[in-house]
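Below is one structure, written out as structure tokens; comments come after it.
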Number of protein chains: 2
Amino acid sequence: MLQPHDTASQDPILTEPRLTPLDRLAGSLGQRVYLTLRHAILSLAYRPGEILRKPEICAELGVSRSPVSDAVARLAAEGLVDVIPQAGTYVARFSMEEIREGAFLREAIEVAAIELVARTITDEQLVILRRNLVVQAALLADNDFAGFYKLDGEMHELLLSFTGYRKLAAVSDTAWAHVNRARQLVLPVPGRVAATLAEHRAILSALEARDPDAARSAIRSHLRQLVTYLEPLERSHPDLFNP
Amino acid sequence: MLQPHDTASQDPILTEPRLTPLDRLAGSLGQRVYLTLRHAILSLAYRPGEILRKPEICAELGVSRSPVSDAVARLAAEGLVDVIPQAGTYVARFSMEEIREGAFLREAIEVAAIELVARTITDEQLVILRRNLVVQAALLADNDFAGFYKLDGEMHELLLSFTGYRKLAAVSDTAWAHVNRARQLVLPVPGRVAATLAEHRAILSALEARDPDAARSAIRSHLRQLVTYLEPLERSHPDLFNP
DNA sequence: ATGCGCTAACATGTTAGCATGTTACAGCCG
DNA sequence: CGGCTGTAACATGCTAACATGTTAGCGCAT
């Protein structure tokens, strides 16, 4: 099956393979296409407002339109794309209303979760959290902001998993997706990142004290920080927002 | 296009048209099939654990498999059906864990919402709520439990809409779906329904007083009532629950 | 009689092609 | 020169047929 002159891979200048890593993922084709597209949208490789050409995606991934349509339908249910029947599919633009709603929903879930966790957390779970925070501090010392945000997300995921409920993290992530997508437009401010670490330490302290009220206050003030940093985006990047 | 002897509609004995009302709904075929199937599952017309035969559904609705597959994929994302690749699709059985998780999620959302609403509710919104409660009382007086539950759901929907966030109700409904599906197995206890109305009145009173703490307590105790009534179901209907 | 293996039916995942409606551009008229 | 209209390209929704893996039942050997 040698193809000495593959037509598609011969023009590295014109075609932009974008960010569509080959599918070495698990699950059905539809699932893999969904994960690939979702990552591309959340990482802003596909820009808000941009049109999604299904035939183009089909050719780029080497699959037919059904799994792509399936994936797009799921993304539409999450609000990450807008499908206009018989017209086109577009990457959802940002909307301050959706960002605020996602933040509200995540706060509601995490506040309820941490009130529960503060009463039930075990010593082993506290050890896991402390370990996570140590790594956070190390990454911050190295100015590795990408790594820090990754550990940040893992910490929230850990807190939600400690409730024993398995789907909480998925709902929270879906809500937070819009916020996180917009966050990438904000350059990391070192002082702010350090403050974030301090807020994480406050959350841990409240959990160590098994104090639900303190934990609620800590995580609430932590979550409300970010949205204020996103407000100016609507003015600085008006083309990426809904009219 | 007359068909004097339609083959499919001629055997009212053997075939069970189940609850698949003809699609006089809006939207694309996939959307309408989704709504039809969702209603059938939530109303227990399709019993938990039962197999869903896509070809059967296609024949019954007169559509092809794509819109049905689309609808089933969405139901799977909601956890209402379990798709086993290349094997079969089954209506999700009840699971106490999912019921408790759904109740937890709804409580988290509604508590956060009502704390906000208690501070921002307008007089017009209070009028709408009072009107809803008057109808609830009338339906209770007539022992119209189905109507009462409908108004109950509308009241919660109203409260969430008063936050100004548009998708809260949808998330809450998705979480609550499992609980509501199981609730239909519990016969309505007149005394319990009257107590529910009293709880609704307590919620309204807290909102009239614009007291967030009282509103939170009221809606919390209200939501926690139902789950306790569902606990015995796992013993009385073991065949409808996950192993 | 029972346990194992094979085979045939079946259900889903995927693919290619058709139908329908929208959008954009080019040409024409005022 | 500007606005309108008609046509052509295009994107999605849907349908029908193919490929792949599973399940269940039957038959055979032990």
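Proteins get letters first, then strands, A, B, ... in listed order; numbering begins at 1 in each. Just so you know, these numbers come straight off a predicted model, no measurement behind them.
Across dT12(C), dT15(C), dT12(D), the shortest atom-to-atom separation from the side chain of T89(B) is found for dT12(C). Comparing dC14(D), dT12(D), dT15(C) by their nearest atom to the side chain of Q86(A) picks out dT12(D). In the set dT12(C), dT12(D), dT15(D), dT15(D) carries the atom at the smallest distance from any side-chain atom of V63(B).
Going from atom CD of Q31(B) over to atom C1' of dG13(D) covers 14 Å, rounded to whole Å. One atom, CG of L52(A), and another, C1' of dT12(D), lie 13 Å apart when rounded to the nearest Å. In this structure, I84(B) places its CD1 atom 13 Å from P of dA11(C), rounding to the nearest Å. Residue L61(B) contributes atom CG, which lies 11 Å from atom P of dT15(D) at whole-angstrom precision. Between Y34(A) atom OH and dG13(C) atom P the separation is 17 Å, expressed in whole Å. When the C1' atom of dT12(C) is taken as reference, atom CD of E56(B) falls 16 Å away, rounded to whole Å. The nearest whole Å value for the distance from the CZ atom in R53(A) to the P atom in dA9(D) is 16 Å. The distance between atom CG of D70(A) and atom C1' of dT12(C), rounded to the nearest whole Å, is 12 Å.
Side-chain nitrogen and oxygen atoms of R65(A) include none within less than 4.0 Å of the OP1 or OP2 phosphate oxygen of dT15(C). Between K54(B) and dC10(C) there is no side-chain polar atom (N or O) within less than 4.0 angstrom of OP1 or OP2.
A salt bridge is defined here as a Lys NZ or Arg NE, NH1 or NH2 lying under 4.0 Å from an Asp or Glu carboxylate O, and R74(A) with E78(A) fails to meet this definition. A salt bridge links E231(B) to R100(B): at least one charged side-chain nitrogen sits closer than 4.0 Å to a carboxylate oxygen. Residues R166(B) and E98(A) are not paired through a salt bridge, judged by the lack of any N-O separation under 4.0 Å between the basic side chain and the carboxylate.
Of the two residues contacting DNA chain D, namely A87(B) and S66(A), the nearest-nucleotide position lying further toward the 5' end is that of S66(A). Mapping S64(A) and P85(A) onto DNA chain C via the closest heavy atom, the residue that lands nearer the 5' end is S64(A).
For the pair R93(B) and F241(B), the cation-pi criterion (under 6.0 Å, within 45° of the ring axis) is not fulfilled.
Across all strands, S69(B) comes closer than 4.0 Å to no nucleic acid atom at all (heavy-atom distances).
Counting only distance, with no hydrogens or angles, the side chain of E110(B) and the backbone of E107(B) share no donor-acceptor pair below 3.5 Å.
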